[in-house]
There are 2 protein chains.
Amino acid sequence: MAATIKDIAKLAGVSPATVSRVLANKTAFFSADTAAKVQAAATTLGYQKNTAAAELVTQQSHVIAAIVNSTKTNFANHIIEGIQDAAYRQGLNVIILYAGDADPEQQRRALTTVIERPVRGILLLSVDLSAENLTYLQAAQIPYCFLSISFEEDQLPFITSDDWQVGYQGTQALLAQGHRQVGLAAVDSVHAHTGKLRLAGYTQALMEAGITPDPAWIQPGDYSYVAGQAAMRAYGQAPQVTAVLAGSDMAAIGVLNQARDFGLTVPQDLSIMAIDGTELCELVQPQLSSVSQSFYDMGVAGVEQLTTAQQQPPKITPITVVTRESVRFIES
Amino acid sequence: MAATIKDIAKLAGVSPATVSRVLANKTAFFSADTAAKVQAAATTLGYQKNTAAAELVTQQSHVIAAIVNSTKTNFANHIIEGIQDAAYRQGLNVIILYAGDADPEQQRRALTTVIERPVRGILLLSVDLSAENLTYLQAAQIPYCFLSISFEEDQLPFITSDDWQVGYQGTQALLAQGHRQVGLAAVDSVHAHTGKLRLAGYTQALMEAGITPDPAWIQPGDYSYVAGQAAMRAYGQAPQVTAVLAGSDMAAIGVLNQARDFGLTVPQDLSIMAIDGTELCELVQPQLSSVSQSFYDMGVAGVEQLTTAQQQPPKITPITVVTRESVRFIES
DNA sequence: CTGTTAGCGCGTTCAA
DNA sequence: TTGAACGCGCTAACAG
């Protein structure tokens with residue numbers, strides 16, 4: 001059995017209350033020598049504070065939870081870094097839970113373990129909650145914020161890139177290199193708001209250039225490597241598109257490898273622009289140009305959103321187009 | 001303020017104890033209609049159980065914590081999957097903490113947040129604890145187990161691959177393809193036990209083939225992409241080695257890309273064997289042959305180690321050599 | 001089957 | 001500056 005403040009009190013010959021005070025370092029509420037006695041007793045007993053008990057009485061917690069979509073992409077780590085750093089600055093601790101992949105039951109499990117214990121706030125990383133689970137989360141009366149995902153209902157707090165701009169700027173960068181047949185691959189433009197926004201930006205960029213996208217250019221998917229491969233397979237061995245904007249780095253690599261399997265060379269035969277801009281882009285050959293998102297900043301902003309009391313409107317983090325090696329200029 | 005069982009009790013016109021019983025589903029300790037009343041009251045109040053309070057009295061927890069070395073490699077996810085699945089089967093929940101990269105202070109923070117609250121057990125994924133932090137962990141009297149790391153002191157509980165075999169079999173696979181100048185890259189063979197074992201296995205395999213490794217063949221490092229690059233840079237543009245065993249998938253890709261920057265083609269000019277065998281191996285071109293580890297199984301075994309009471313000896317999970325495209329046969 | 005009592009480990013009154 | 005008493009939300013023991 002772990003030692004408690006009572007044990008320390010007995011050993012030090014003081015009351016539990018006093019022990020509590022010196023351990024909480026409520027300075028000037030105790031004398032130096034009692035403090036010393038208590039400290040000594042605590043160390044000899046190997047005392048470990050029971051934070052759960054303390055939180056029970058103070059009714060407040062110092063941990064924030066990040067629920068992560070166990071993702072087919074790989075940017076979550078960057079967001080988490082931002083969360084950790086920002087939390088640390090505020091003296092908060094971070095616990096991470098995996099919520100499976102769009103599985104409502106796993107989502108519920110993660111939510112429950114978090115909600116059922118004192119937590120200062122909840123961050124949800126690209127987790128698309130089922131309606132039921134969203135209600136459950138809201139009923140819990142705990143501050144929360146979605147990261148790297150957006151919703152039509154503006155009252156939900158979320159922080160993410162401007163996904164319309166992601167689609168728009170990514171496509172524009174390709175158009176600027178002379179491409180006129182541009183594909184959009186492995187973006188979930190059917191069900192999810194994020195994907196719809198990207199599609200709209202993509203379409204707008206093309207329209208402004210006087211191009212009406214052929215439906216075959218748009219190959220929706222779930223942002224995964226496999227989705228990227230499937231999209232490229234749909235484009236075929238002699239693709240009509242000369243450039244592809246892919247929904248994630250992973251998806252872009254799927255496109256890349258499938259293109260290679262077709263005997264196509266990137267970027268000579270096909271240009272690829274990834275979305276995300278994680279280190280994966282620099283791992284493959286050729287290195288992938290990308291619309292890069294500010295994942296670290298999302299994490300930081302998420303923590304701030306949680307800890308500043310007042311409800312704030314949805315926030316946007318910046319994006320930048322990074323040129324690497326997977327896009328080439330073509331004569332139009 | 002969240003509703004408590006007292007509130008429910010008042011609303012349902014029963015005692016708190018009764019509420020507790022039906023909510024904990026202590027069947028046959030209450031009648032059907034009181035149960036109904038209680039359930040109704042609970043839902044109208046939007047009751048959320050305070051598990052922390054419950055754990056305080058029952059003195060036992062249903063969560064296990066995984067502390068992860070925020071890793072320059074990428075296998076942690078696979079271990080975590082195994083942990084999640086195994087934990088789920090036992091009705092346990094999993095929380096994950098990041099412990100930075102060999103930073104004692106961050107390690108301590110993670111340990112503290114975990115130890116200071118009721119946790120059933122702690123899993124440490126390739127976390128090399130400082131001596132001080134190890135003492136701290138042991139003093140906490142919480143079951144723990146290291147994963148994907150090994151120690152000389154056999155009394156520490158750990159589960160990992162047989163790293164001597166990793167080095168031995170990886171090298172043998174290269175020797176079997178006719179290579180006689182084989183490098184070992186980005187393995188931490190200087191400080192860490194894991195790395196020393198791999199080095200020993202590597203050396204033994206060479207010796208058995210009648211080869212004495214040139215010191216220049218061994219380029220230690222921290223398993224990272226950058227370490228892989230550095231190792232390859234050390235081998236040079238016209239490397240003496242014809243094959244390299246790299247400490248991780250990431251490291252292998254570092255070797256691969258640096259070789260390419262040197263104008264070398266893999267596997268024609270240089271063969272590469274990765275260690276780990278995650279999906280990264282199939283993302284790059286050529287696909288990387290690997291000594292693949294059973295990370296998922298490590299996670300499962302870790303949970304079992306925690307939940308079976310008796311102290312068990314260190315455990316080993318299997319490895320397999322997977323042939324892909326990065327090793328070629330050469331005439332000897 | 002149900003209510004009363006007690007107490008988990010801690011922080012915080014209120015007196016002294 | 002310190003101690004006694006109380007209560008956070010919950011479960012367990014014991015009556016009834």
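Reminder, nothing fancy here: chain letters follow the sequence lines and each chain counts from 1. Only a predicted model underlies this, so the values are computations on that prediction, with no experimental measurement involved.
- Residues A:D222 and A:S224 bring a donor and an acceptor atom of their side chains to less than 3.5 Å of each other.
- No salt bridge links B:E55 with B:R117; every basic N to acidic carboxylate O contact stays at or beyond 4.0 Å.
- A close approach under 4.0 Å does not occur between any side-chain nitrogen or oxygen of A:T51 and OP1 or OP2 of C:dC10.
- Rounded to an integer number of Å, the gap from NZ of A:K10 to P of D:dA4 is 13 Å.
- At a cut-off of 3.5 Å, with distance as the only test, a side-chain donor of B:T112 or B:Y136 sits close to an acceptor on the other residue.
- Side-chain N/O atoms of A:Q59 include one lying less than 4.0 angstrom from OP1 or OP2 on D:dG9.
- Within the 4.0 Å cut-off from OP1 or OP2 of C:dT2, at least one side-chain nitrogen or oxygen of B:S31 is found.
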What side-chain donor-acceptor pairs closer than 3.5 Å can you find for residues 90-99 of chain B, not counting sequence neighbours?
from, atom 1, to, atom 2, distance (Å)
B:Q90, OE1, B:T307, OG1, 3.4
B:Q90, NE2, B:T307, OG1, 3.2

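- Look at CG on B:N50: it is 7 Å from P on D:dG9, rounded to the nearest Å.
- With axes fitted over five pairs at each extremity, the angle between the ends of the helix from C:dC1-D:dG16 to C:dA16-D:dT1 is 40° (10° resolution).
- A residue-by-residue look at A:K26 and B:A35 shows that B:A35 has its nearest nucleotide of DNA chain C further toward the 5' end.
- The distance between atom OH of A:Y47 and atom P of C:dC10, rounded to the nearest whole Å, is 3 Å.
- OP1 or OP2 of C:dG11 sits under 4.0 Å from a side-chain N or O of A:S20.
- Put simply, CG on B:L23 is 9 Å from P on D:dC10, counting in whole angstrom units.
- Considering only side-chain N and O atoms, A:T34 lies under 4.0 angstrom from the phosphate OP1 or OP2 of D:dT2.
- Within the 4.0 Å cut-off from OP1 or OP2 of C:dG3, at least one side-chain nitrogen or oxygen of B:S15 is found.
- The nearest heavy atom of DNA chain C to B:F29 and to B:A53 marks one nucleotide each, and the one closer to the 5' end goes with B:F29.
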Can you pull every protein N or O that's under 3.5 Å from an N or O on nucleotides 13-16 of chain D?
from, atom 1, to, atom 2, distance (Å)
D:dA13, N6, B:R21, NH1, 3.3

